[in-house]
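Let me begin by presenting the structure, written as structure tokens, before commenting on it.
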Amino acid sequence: MQVVTWNVNSLRARMAHLLRFLDEVSPDVVCLQELKLTDDLFPAKVLREAGYPHLVWWGQKNYNGVAMLSKHPIDAPQKGIDDGGDRSQSRLIAGTVNGIRIIGVYAPNGTRLGSEPFAFKLSWYDRLFEMIASRHRPSDPIILCGDLNIAPDDPDVWDPFRCDGILLCHPLERERFQRFLDWGFVDPFRERHPFANTFSWWDYQQMGFQRNHGLRIDHTLLTAPVDARCSEVTIHANVRGWTSPSDHAPVSVTLS
DNA sequence: ATGGTGGAAAGTCCA
């Protein structure tokens, strides 16, 4: 089983790329972020015809928006962090596929250090952790994937000196990421490639992709029983080179 | 010095 996460930066603008990717890679499950459309505009019919009959989506006007596409049934679908807190931003979609709880998220960017959106990012992460830790054990099969908007360590950034302490690389953000690892999640990419400077996002500006000025902020965290089945982690960086691309590449995990 | 690019949408906001 192959599971993909991809921030498409507008589903409507990226529909041709998505269909091409589905055709070329044929993953079992796809978690999408930044749909940037309302629920009524979600292209369910086209995606069903593309081989993904099982769909869950939670859109929002202009910003955010998440979806899960699957070849297999999606049990216990969930939209948002169901803790009674803020639901104004569509940032989480979850479902159980073939016994694995798959949680796809679009973490807040944070905008600027010290800003209100930055505080929202930190508290959103606290809520996400609480949601998972309060209802799961590390021995449960879980995939936590998405645009986490955190580059966890120096090898995850194009220039550790220039990126030191900036947004997406700040200690307060890295603490939030580390908390999931301390709880029991594994970062299978870093586990298999300890020193690789491989990125999942490149800025549109100043030839970011051409100069490989990128960050690894899209992740596929696995609990131990899923990691034990994980044969491959692929960052599909070639997709970032397609004409008029998303600024994020898809990331996939392959399970035996 | 507050830019550069891209997407929402029709003036800015967000990333």
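Every chain is numbered from 1 and lettered A, B, ... according to where its sequence line falls, protein lines coming before strand lines.
- Atom CH2 in A/Trp201 sits roughly 8 Å away from atom C1' in B/dA15 (whole-Å rounding).
- Residue contacts shown for A/Phe209 are absent, as no nucleic acid heavy atom lies under 4.0 Å away.
- Straight-line distance between the C1' atoms of B/dA15 and B/dT2: roughly 16 Å, to the nearest whole Å.
- Side-chain contact between A/Ile235 and A/Arg216: present, with at least one pair of heavy atoms (C-beta onward) separated by less than 4.5 Å.
- Applying the 4.5 Å side-chain rule to ILVMFWY residues, one finds A/Leu113, A/Phe118, A/Leu122, A/Val157, A/Trp158, A/Leu167, A/Leu168, A/Leu172, A/Phe199, A/Trp201, A/Trp202, A/Phe209, A/Leu215 in the same cluster as A/Ile217.
- Under the 6.0 Å distance and 45° angle rule, A/Arg14 does not count as a cation-pi partner of A/Trp242.
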Contact pattern, 5' to 3', of nucleotides 3-9 of chain B - B, S or - by protein heavy atom under 4.0 Å: BBBSBSS
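- Here the separation of B/dA10 from B/dG6, taken at their C1' atoms, is 16 Å to the nearest Å.
- Less than 6.0 angstrom separates the ring centroid of A/Phe189 from the ring centroid of A/His193.
- Ion pairing between A/Asp227 and A/Arg192 holds under the 4.0 Å rule for side-chain N and carboxylate O.
- Rounded to whole Å, the P atom of B/dG4 lies 23 Å from the corresponding atom of B/dA9.
- Ion pairing between a basic and an acidic side chain is recognised when a charged N comes within 4.0 Å of a carboxylate O; A/Glu175 and A/Arg179 show no such pairing.
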